[in-house]
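The block underneath contains the structure these notes are about, expressed in structure tokens.
Remember, it's 1-based here, ligands and their atoms both numbered in the order they're listed.
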Amino acid sequence: MSKVLLTGGMGFIGSHTAVSLIENGYDVVIVDNLVNSEEDVVHRLEKFKNVTIPFYNGDCRDENLLDKIFNEHDIEIVIHFAGLKAVGESVSLPLEYYENNLNATISLLKSMLKNKVHKLVFSSSATVYDEDNPDERVEGYKLGCTNPYGWTKFMCEQIIRDTCHANSQLNAISLRYFNPVGAHPSGIIGENPKGVPNNLMPYIQQVATGVRDYLRVYGNDYDTVDGTGVRDYIHVCDLADAHVAASKYLQNNKGCLEINIGTGKGASVLEMVEAFEKANKIKIPYKIEARRPGDVAINYANANKAYKLLGWKATRTLEDMCKDAYNWQCNLQKKHN
Ligand code: NAD
Ligand code: UFG
């Protein structure tokens, strides 16, 4: 059985990917320093899938630790999720973001090459696209970022390309995620942001369960269907499956690629509110507020490359995303009460 190392595998996307990989016959090993996750996740995954998951509580910047993991396990593929990801925080803590995200990627690549591990999937982001592009982002479009977090993704992609260029045996795919939302339908894993959520869906989830009074809608004067911002929301289980597809691709092909992972369709903030209300038969109170600095009006994926090369496309609906997100949030609430 092929073994996959998930760096940052205890987090939101990594934990869902662990489930998809296990369901597709892969063994998984996780390394995570728990800076934004809890150790309990691995126990939940093990119980849910009835497997043992070797877990290393440590930092990806620690090359010796990575060497040790590659020594102890015959790893074929690495999926590199580990990173800090809050856009606003990165503006106030740029050095922490560059230090963590770049050094983790550099140490990982060095250790992979040393230990002859030659397949890498990297968590990149739609945030690497320059704002001055058509709304439907295509992989070849101009890149450029508006915050340090985005630049770390931009730079990591470049570091990976340069390392592949210098080491022909290395193969890599940077997956540019659009807006991952939802949770596993089992309600066992999901997103649990610390403090006040920055992102739309976790905020709606907290309004739905009474943690917050109402949603602040950031602007209704954009040139969109109803004036509110439009994004490409993708169910985290679809995103997890995309990692399985990328892993399979690397087992059969060579190269260094960047691929969008989205549904190819946009939804506005108010359409998301409506979908959530309808799916869960619950009211989401909201107030229109000023635009959030740095936001663009519309941004969604052209997802053709993912289908063409990986044979992957998103299958879950907005209703699935909203139902599963609410189910998870209710479970989380029960645990805390
Ligand atoms: P997350 O914070 O839930 O998961 C990241 C995990 O990495 C956490 O468990 C954290 O503890 C760990 N980590 C961070 N730095 C580490 C280090 N140096 N060593 C070891 N572990 C470390 O985030 P997520 O939403 O699951 O995102 C996963 C990846 O996908 C990140 O790289 C993120 O930037 C990227 N991404 C996320 C989104 C999104 O909207 N969630 C969108 C685009 C890209
Ligand atoms: N929004 C609100 N109220 C909120 C939160 C968000 O109205 O409380 C609106 C925003 O203005 C935007 C939309 O909901 O129009 C989506 O905002 P998110 O913060 O959920 O998502 P973003 O598209 O701004 O950013 C996300 C991730 C980034 C990633 C980017 C990739 O947070 O890390 O997607 O496209 F880079």
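- Between Ile53 and Val29 there is no side-chain heavy-atom pair separated by less than 4.5 Å.
- One option in Tyr233, Tyr218, Tyr149, Tyr300 has a heavy atom closer to atom 7 (O) of ligand 2 than any other, and that option is Tyr218.
- The two residues Gln206 and Gln329 come nearest to each other via the heavy atoms CG-NE2, 3.8 Å.
- Ligand 1 has no nitrogen or oxygen under 3.5 angstrom from a nitrogen or oxygen of Val31.
- Summary of contacts: the protein heavy atom closest to atom 3 (O) of ligand 1 is Phe12 N, 2.9 Å.
- Rounding to the nearest 0.5 Å gives a distance of 10.5 Å between CD1 of Ile234 and NZ of Lys265.
- Of the polar atoms of Ser124, none of the N or O atoms is found under 3.5 Å from an N or O of ligand 1, judged by distance alone.
- Under the 4.0 Å criterion applied to side-chain N and carboxylate O atoms, Glu277 and Lys283 are assigned as salt-bridge partners.
- Look at Tyr286 and you'll find every heavy atom at least 4.0 Å from all atoms of ligand 2.
- Residue Tyr177 places no N or O, backbone or side chain, under 3.5 Å from any N or O of ligand 2.
- When atom types are taken as modelled, the side chain of Asn115 and the backbone of Ser111 share a donor-acceptor pair closer than 3.5 angstrom.
- Looking only at heavy atoms of the protein, atom 12 (C) of ligand 2 is closest to Arg231 NH2, 3.8 Å.
- The option from Ala126, Ser15, Cys60 that lies nearest to atom 19 (N) of ligand 1, judged by heavy atoms, is Cys60.
- A salt bridge between Glu72 and Lys68 is present, with a side-chain N of the basic residue lying under 4.0 Å from a carboxylate O of the acidic one.
- With a 4.0 Å cut-off on non-hydrogen atoms, Val230 does not touch ligand 2 at all.
- Of all protein heavy atoms, the one closest to atom 5 (C) of ligand 2 is Asn198 O, 3.5 Å.
- Salt-bridge annotation for Lys116 and Glu76: absent, with no side-chain N of the basic residue lying under 4.0 Å from a carboxylate O of the acidic one.
- The single protein non-hydrogen atom nearest to atom 29 (C) of ligand 1 is Phe81 O, 3.2 Å, given as residue, atom name and distance.
- Not one N or O of Pro180 is nearer than 3.5 Å to an N or O of ligand 1, by distance alone.
- If you look at Asn199 next to ligand 2, the close heavy atoms, those under 4.0 Å, come from the backbone and the side chain alike.
- For Arg291, no heavy-atom contact with ligand 2 is shorter than 4.0 Å.
- With Asn280 contributing its side chain and Ile282 its backbone, the two residues share no donor-acceptor pair below 3.5 Å.
- With no hydrogens or angles considered, a side-chain donor-acceptor pair links His235 and Asp324 at under 3.5 Å.
- Counting protein heavy atoms only, atom 25 (O) of ligand 1 is closest to Lys85 NZ, 2.8 Å.
- When ring centroids are compared, Phe178 and Tyr300 stay outside the 6.0 Å threshold.
- Summary of contacts: the protein heavy atom closest to atom 20 (O) of ligand 2 is Leu200 N, 2.9 Å.
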field: Stepwise side-chain hydrogen bond (donor to acceptor under 3.5 Å, both in side chains) check, Tyr97 with Glu89
entry: CA-CA 9 Å; Tyr97 270 69; Glu89 186 182 62; 2.4 Å; yes
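- Checked against a 3.5 angstrom limit, the closest N/O atoms of His80 and ligand 1 fall outside it.
- Judged by distance alone, with hydrogens and angles left aside, the side-chain atoms of Asp232 form no donor-acceptor pair with the main-chain N or O of Gly262 at under 3.5 Å.
- The shortest N or O to N or O distance between Lys153 and ligand 1 is under 3.5 Å.
- Scanning the protein heavy atoms around atom 2 (O) of ligand 1, the nearest turns out to be Asn36 ND2, 2.7 Å.
- Inclusion of Tyr203 in the set of residues having an N or O under 3.5 Å from an N or O of ligand 2 is not warranted.
- Taking the charged nitrogens against the carboxylate oxygens, Glu274 and Lys278 have no contact shorter than 4.0 Å, which rules out a salt bridge.
- If you look at Thr228 next to ligand 2, there are no close heavy atoms at all, none under 4.0 Å.
- Ionic pairing of Arg44 and Asp40 is present here: one or more N-O contacts between side-chain nitrogen and carboxylate oxygen are shorter than 4.0 angstrom.
- Residue Asn179 has at least one nitrogen or oxygen atom sitting less than 3.5 Å from a nitrogen or oxygen atom of ligand 2, judged on distance alone.
- In this structure a side-chain-to-backbone donor-acceptor pair under 3.5 Å is present from Asn133 to Lys142.
- For atom 14 (C) of ligand 1, the candidate residues are Gly83, Gly8, Gly11; the nearest heavy-atom contact is made by Gly83.
- For the pair Ala82 and ligand 1, the shortest N or O to N or O distance does not fall below 3.5 Å.
- Polar contact with ligand 1: absent for Ala104 (N/O pair, distance under 3.5 Å).
- For atom 29 (C) of ligand 2, the closest heavy atom belonging to the protein is Ser125 OG, 3.6 Å.
- Counting heavy atoms under 4.0 Å from ligand 1, residue Asn100 touches it through the side chain alone.
- For atom 8 (C) of ligand 1, the closest non-hydrogen atom of the protein is Asp32 OD2, 3.5 Å.
- The shortest N or O to N or O distance between Tyr177 and ligand 1 is not under 3.5 Å.
- Residue Ile13 places at least one N or O, backbone or side chain, under 3.5 Å from an N or O of ligand 1.
- Remark: minimum distance from atom 11 (O) of ligand 2 to any protein heavy atom is reached at Asp295 OD2, 2.5 Å.
- A salt bridge links Asp241 and Arg316; the closest N-O separation between the charged side-chain nitrogens and carboxylate oxygens is under 4.0 Å.
- Residues Tyr26 and His243 bring no donor and acceptor atom of their side chains to less than 3.5 Å of each other.
- At under 3.5 Å, a nitrogen or oxygen of Asn33, whether backbone or side chain, sits near a nitrogen or oxygen of ligand 1.
- Although no hydrogens or angles enter the test, the distance criterion places no donor-acceptor pair under 3.5 Å between the side chain of Asn299 and the main chain of Val230.
- Considering only non-hydrogen protein atoms, atom 24 (O) of ligand 2 sits nearest to Arg292 NH2, 3.0 Å.
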